[in-house]
Number of protein chains: 2
Amino acid sequence: MLKSSDGDWRAARRANARAAVLDAAWGLVRENGLAALSLRELAKRAGITTPTVYAYFESKNAILDAMFAQAAQSFVEFMSSLPASDDPVADMAAAVRRFSDFCVSDVPRYQLLFQHSVPGFTPSPESYGIALSALALARDLLARNGVHDPRHLDIWTAITTGLVGQQISNDPGGDRWTGLIEDVTRMFLAQYGDATQHKGES
Amino acid sequence: MLKSSDGDWRAARRANARAAVLDAAWGLVRENGLAALSLRELAKRAGITTPTVYAYFESKNAILDAMFAQAAQSFVEFMSSLPASDDPVADMAAAVRRFSDFCVSDVPRYQLLFQHSVPGFTPSPESYGIALSALALARDLLARNGVHDPRHLDIWTAITTGLVGQQISNDPGGDRWTGLIEDVTRMFLAQYGDATQHKGES
DNA sequence: GTCTATAAGTTGATAGAC
DNA sequence: GTCTATCAACTTATAGAC
C-alpha cells in the first residue's frame with residue numbers, strides 16, 4: 001500500500017515537472033516563434049539545465065509531440081460546446097468565430113497544430129488522432145445544418161482556414177478577415193445549406 | 001569605349017554568376033524545403049565555395065530577397081495573361097486555377113512568397129512591391145466581373161488561398177481541393193457577382 | 001534527478017594567401 | 001574572384017560525478 005501510494009506520488013510529481021517544462025516551452029514559442037524553441041532556452045526558462053530536460057522527455061521531438069497533443073486537446077475542448085439555436089447562419093458563424101478565436105489567440109499553437117511547419121517533426125498517431133476528432137465536430141455541425149456532401153465540407157474547411165490564414169498573415173491583431181465571418185457563412189449556406197431547397201416553398 | 005564595354009561584360013558575367021547561385025538555391029529548397037537552405041550546401045551545388053557566395057551576395061538574407069523578387073516576378077508574369085470571355089464564372093475559375101497551379105507546382109516558392117515562413121527574413125520594399133502589383137491583377141479581374149466592394153475582394157482572397165492551402169497541406173499532389181474551384185467560384189459570384197442584380201431581369 | 005563538462009554536429013560569416 | 005582555413009556561435013544530446 002505504502003509502496004503504491006508512493007508510486008502515485010512520484011508519478012504525480014513527474015507529471016507536474018513535465019507540465020512545467022511544457023509551460024516554459026509554450027511561453028518561449030509564444031514570445032519568439034516556433035522555430036526559436038531550443039532546449040537551452042527552454043531549460044533556462046524552466047529553471048533547470050539541459051540534461052534535466054532529458055530526464056522528462058527523451059528528445060526534442062517528444063516535447064513537440066506533447067505540445068501538439070496539448071494543443072489538440074485544447075482545440076477539442078474549445079470547440080466542443082457550441083450554441084445550437086434555430087438559426088443556421090448564427091450557429092455556424094459562431095463556430096467559425098470560435099475557431100478563429102482559438103487560432104489568432106495563439107499563433108504558434110495554430111502553426112504547430114494546423115500548418116505542420118516544424119521541419120523534422122511529425123506528430124505521433126495518438127496525438128494526431130486527437131486532432132482528427134475535431135474535424136468530426138465540424139462535420140456534425142454542417143450535417144445539423146443540412147450540409148451532407150463531403151465535397152461541401154471540404155469547401156467549408158477551405159473557407160474557414162482561408163479566413164484565419166489571411167487574418168494571421170496579413171492583418172495580425174486586427175479583424176479585417178474575421179469581420180467577414182457572418183457574410184461568408186451566409187454565402188456558403190445560401191449555396192449549400194438546407195434553405196437552398198426550401199426557397200421555393202416560402 | 002573599350003572601358004565601358006568591358007564594364008558591360010563584367011556586369012553581365014556577374015549577373016550570370018548570381019543567377020547560377022540562385023538556380024542552385026531553388027534546386028536545393030525544392031528538394032529539401034525552405035528551412036534547409038544552408039550556404040554550404042548551396043555553394044556545393046553551385047560548384048563554388050562558401051566565401052565565393054559572399055562575392056555575389058552580401059548575406060544569406062540577400063539571397064532570400066533575390067529569390068523572393070524572382071518568385072514575385074514569376075508570379076506577375078504567370079498571372080498577367082488571363083482569358084477574358086463573356087462567362088464570368090469561367091474567367092474567374094480559370095484565374096484561380098492558374099493561381100493554384102502556380103502555388104502547387106513549387107511549394108517552397110509559395111511558402112516564401114505568401115507564407116512569410118522564413119524566421120529571420122523580411123523582403124525588401126522593392127521585392128515586396130512586385131508582389132503587391134499581383135494583387136492589383138486580382139482586383140481588376142473581380143472588377144471586370146462586377147465585384148467592386150473591397151470586402152468582397154478580401155473574401156475572394158481568403159477563399160482562393162484557403163483552397164490552395166488545404167490542397168498543399170492535406171492532399172499534396174492530388175486535386176481534392178483544386179477540383180472544387182468551379183463550384184466555389186459559382187458560389188462566390190452567385191452571392192457577390194453582377195448576376196446577383198440581374199437575376200430578376202432574365 | 002540534477003548538476004558540470006563536453007561531445008559532435010550544425011550554422012553564417014571572415015581573414016588572408018594567391 | 002576564388003580558394004584554404006578558421007572563427008564564434010549555435011544546435012541536440014550524452015557521460016559521469018554527486
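Each chain gets a letter, A, B and so on, in the order its sequence line appears, and its residues count up from 1.
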Handout entry: Between P of C/dG1 and CZ of A/R13, the distance in whole Å
Key = 9 Å
Exercise for the section: Quickly work out the A/Y56 OH to C/dG1 C1' distance and round it to whole Å. Expected result: 6 Å
Handout entry: Cation-aromatic face contact B/R109/B/F102, 6.0 Å, 45 degrees
Key = yes
Problem - Backbone N/O of A/I181 and side chain of A/R97: donor-acceptor pair under 3.5 Å - result: no
Practice task
Could you encode protein contacts along nucleotides 11-16 of chain D as a string, one character per nucleotide from 5' to 3', using B for base contact, S for sugar-phosphate-only contact and - for no contact, with a heavy-atom cut-off of under 4.0 Å?
Solution key: BBBBB-
Handout entry: Rounded interatomic separation in angstrom, taking CD1 from B/I63 and P from C/dT11
Key = 13 Å
Exercise for the section: With the side chain of B/A55 defined as its heavy atoms from C-beta on, choose the nearest nucleotide among C/dC3, D/dC3, D/dG1. Expected result: D/dG1
Practice task
Starting from P on C/dT10, measure out to CG on B/L42 and report it in whole angstrom.
Solution key: 17 Å
Practice task
Look at A/R14 and C/dG1 and indicate whether a side-chain polar atom (N or O) is within less than 4.0 Å of OP1 or OP2.
Solution key: yes
Practice task
Answer yes if the ring centres of B/F75 and B/F114 are under 6.0 angstrom apart, and no otherwise.
Solution key: yes
Handout entry: Contact check, side chains of A/M92 and A/L141, non-hydrogen atoms, under 4.5 Å
Key = yes
Practice task
Please name the residue in the list B/T157, B/D149, B/I155 that meets the side chain to side chain contact (heavy atoms under 4.5 Å, CB included) test with B/L153.
Solution key: B/T157
Handout entry: d(CG, A/N32; P, D/dC10) in whole Å
Key = 13 Å
Handout entry: Value in whole Å for how far the P atom of C/dT11 lies from CG of B/L64
Key = 14 Å
Exercise for the section: May I ask you to evaluate whether A/T52 reaches the phosphate of C/dC3, defined as a side-chain N or O under 4.0 Å from OP1 or OP2? Expected result: yes
Problem - Interatomic distance, B/L34 CG vs C/dT11 P [rounded to whole Å] - result: 15 Å
Contacts table for residues 49-56 of chain A: side-chain donor-acceptor under 3.5 angstrom, sequence neighbours left out:
{"from": "A/T49", "atom 1": "OG1", "to": "A/T52", "atom 2": "OG1", "distance (Å)": "3.3"}

